[in-house]
Structure formats: structure tokens, C-alpha cells
Amino acid sequence: MLALVCAAPVIASYVAYYWFRPSGHVNYGELLEARPVQDIAGSFPDGARFRLSDYRGRWLFLAVGSGACEEGCQRTLYATRQARTIQGREQDRVVRIWLQATGAPTPAPQLLAQHPGLVVALIDPDQWAALRGFIDPPQSIYLIDPLGNVVLRYPPDPDIKRMAKDLERLLRASRIG
């Protein structure tokens with residue numbers, strides 16, 4: 001009887017592990033296979049040179065869109081701004097980048113005024129082909145880790161609180177970036 005009492009927790013742990021596996025996960029964003037993002041080069045609207053690799057060492061929210069930021073685009077930018085702001089003092093570890101095609105209409109100044117700290121970069125058409133390898137669908141929001149790997153994808157109109165919770169967990173667990 002004593003041996004049965006001592007063995008019961010071990011047997012129960014095996015039963016729980018093999019027959020009652022948890023089905024859920026804690027992340028909201030779609031976890032992607034971590035792979036390095038190809039270095040993307042372009043320019044800022046003022047003509048200065050832009051390189052995605054210049055932002056290595058920080059967490060990046062990457063959104064891709066056209067210059068004429070419609071309602072969906074505005075919701076995407078708002079979500080990234082709010083998820084970053086919710087981080088409080090840790091928000092300096094996160095950079096928001098909005099990539100646009102060269103020749104697209106310039107974003108409205110009032111739109112940019114609503115998003116302080118947003119990095120807007122213009123990318124040549126040949127760079128768009130390089131983006132297609134990891135940005136699919138293009139309306140999504142991507143999270144890139146400090147080592148330059150794309151790790152999470154969010155829908156174009158995400159749940160901001162859940163997105164911020166993902167980012168909070170990553171910032172807490174990460175000592176880099």
C-alpha cells in the first residue's frame with residue numbers, strides 16, 4: 001500500500017503528460033519559423049539613406065503599405081503605436097517601421113503627426129521582391145527580433161491588448177534589444 005501511495009504521483013504525471021496534453025498556446029500572434037530578414041535598403045522621405053540593418057539590436061514592428069494610408073492602414077499603425085506605448089519604460093526597445101513603395105503618394109503630414117517615432121521608409125521595386133520571401137500577406141504586422149529574425153505575424157486589425165501582452169512577454173524574457 002505504501003509503495004502504491006509513493007508511485008501514484010509518478011504514474012499520474014505520465015498519464016497527464018501522454019493523455020491530457022494542453023492544447024492551447026499563450027501567444028496571440030502567429031509564430032513563424034525564425035528566419036533572418038534580408039537587409040532592405042531604401043530612403044527616408046527626406047532623402048536620407050535607410051537600411052533595415054541599422055535597427056538591429058531592437059525589436060521591430062514592421063508594416064508594409066502604400067503612401068495613401070486608408071482606414072485599414074491607419075488601424076495597423078494605431079495598433080503598433082498602442083502596443084508599443086503600453087510597454088511603458090520598455091517602449092524604447094521597440095521601433096515601428098512603415099515601408100512604402102518608392103513613388104507612392106507621400107503620407108499625409110497629419111497622419112505622421114499622430115504617430116511620433118514612426119520610421120517611414122521608401123523602398124525600390126526590386127527590394128519589394130526581396131520582401132515577398134517573408135512578408136505574406138503584405139497587410140499583416142510583423143515582429144522582428146533584435147537578431148534580425150522575423151518571429152511573429154499579426155493580422156492587419158489585431159487585438160491591441162493581446163499584441164501588447166505578446167510584446168511584454170518577449171521584452172521581459174529577452175536580455176538583448
Side-chain angles (χ1 to χ4, degrees), residues 1-40 52-65 69-99 115 117-119 127-177:
M1 188 61 121
L2 184 59
L4 184 61
V5 169
C6 292
V10 174
I11 294 169
S13 70
Y14 276 98
V15 168
Y17 181 78
Y18 287 107
W19 284 288
F20 300 109
R21 288 183 183 232
S23 61
H25 48 79
V26 296
N27 58 302
Y28 167 62
E30 179 186 347
L31 190 61
L32 302 174
E33 181 181 332
R35 58 187 167 154
V37 175
Q38 185 174 353
D39 192 21
I40 299 166
L52 189 62
S53 61
D54 291 343
Y55 295 94
R56 279 247 164 101
R58 298 178 74 189
W59 290 91
L60 305 177
F61 271 132
L62 185 69
V64 178
C69 192
E70 304 295 332
E71 185 180 335
C73 168
Q74 290 178 14
R75 285 193 310 266
T76 297
L77 294 179
Y78 175 77
T80 60
R81 183 185 73 200
Q82 292 303 103
R84 180 182 179 272
T85 302
I86 289 172
Q87 303 311 311
R89 66 180 182 180
E90 297 291 328
Q91 69 181 325
D92 293 337
R93 296 172 63 188
V94 181
V95 176
R96 300 177 318 128
I97 299 177
W98 183 27
L99 299 179
H115 297 281
L118 177 66
V119 176
Q127 293 289 314
W128 284 108
L131 286 174
R132 299 252 187 270
F134 77 93
I135 294 186
D136 187 40
Q139 296 82 19
S140 299
I141 302 167
Y142 293 86
L143 185 66
I144 300 173
D145 72 7
L147 299 176
N149 299 310
V150 62
V151 291
L152 287 172
R153 175 176 40 221
Y154 295 97
D157 191 13
D159 180 339
I160 296 170
K161 289 183 181 181
R162 292 176 70 192
M163 189 167 127
K165 189 69 174 171
D166 278 359
L167 185 58
E168 178 186 346
R169 282 189 200 105
L170 288 169
L171 290 174
R172 190 174 346 123
S174 173
R175 294 291 173 213
I176 57 174

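Reckoned from all heavy atoms, side chains included, excluding hydrogens, waters and symmetry mates. Please read these numbers as outputs of a predicted model, since none were measured by experiment.
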Note: Trp59 and Ile176 closest approach over all heavy atoms is NE1-O, 3.8 Å

For Gln91, does its backbone N or O pair with a side-chain atom of Arg84 as donor and acceptor, under 3.5 Å? yes

Where do Thr76 and Ala63 come nearest, in terms of heavy atoms and distance? CG2-CB, 4.0 Å

Any side-chain heavy-atom pair from Val94 and Leu171 closer than 4.5 angstrom? yes

Looking only at heavy atoms, what is the nearest atom pair of Ile160 and Ala83, with distance? CG2-N, 4.0 Å

Sidechain-backbone polar pair: Arg153 side chain, Ser140 backbone, donor-acceptor under 3.5 Å: no

Of all residues at least two apart in sequence or in a different chain, which pass the side chain to side chain donor-acceptor pair (under 3.5 Å) check with Gln87? none

For residues Ala79 and Ile141, report the shortest heavy-atom separation together with the two atoms involved. CB-CD1, 4.5 Å

My understanding is that only one of Leu52, Leu60, Ile97 makes a side chain to side chain contact (heavy atoms under 4.5 Å, CB included) with Val119; could you say which? Ile97

Any chance you could lay out the side chain to side chain contact (heavy atoms under 4.5 Å, CB included) test for Cys69 and Leu77, step after step, and finish with the verdict? CA-CA 9 Å; Cys69 192; Leu77 294 179; 4.0 Å; yes

For the backbone of Tyr28 and the side chain of Asp166, can you confirm whether one donor and one acceptor N or O come within less than 3.5 Å of each other? yes

Minimal non-hydrogen separation, Arg56 against Gly148, with atom names: NE-CA, 3.4 Å

Heavy-atom pair of closest approach, residues Ala34 and Asn149: CB-CB, 4.2 Å

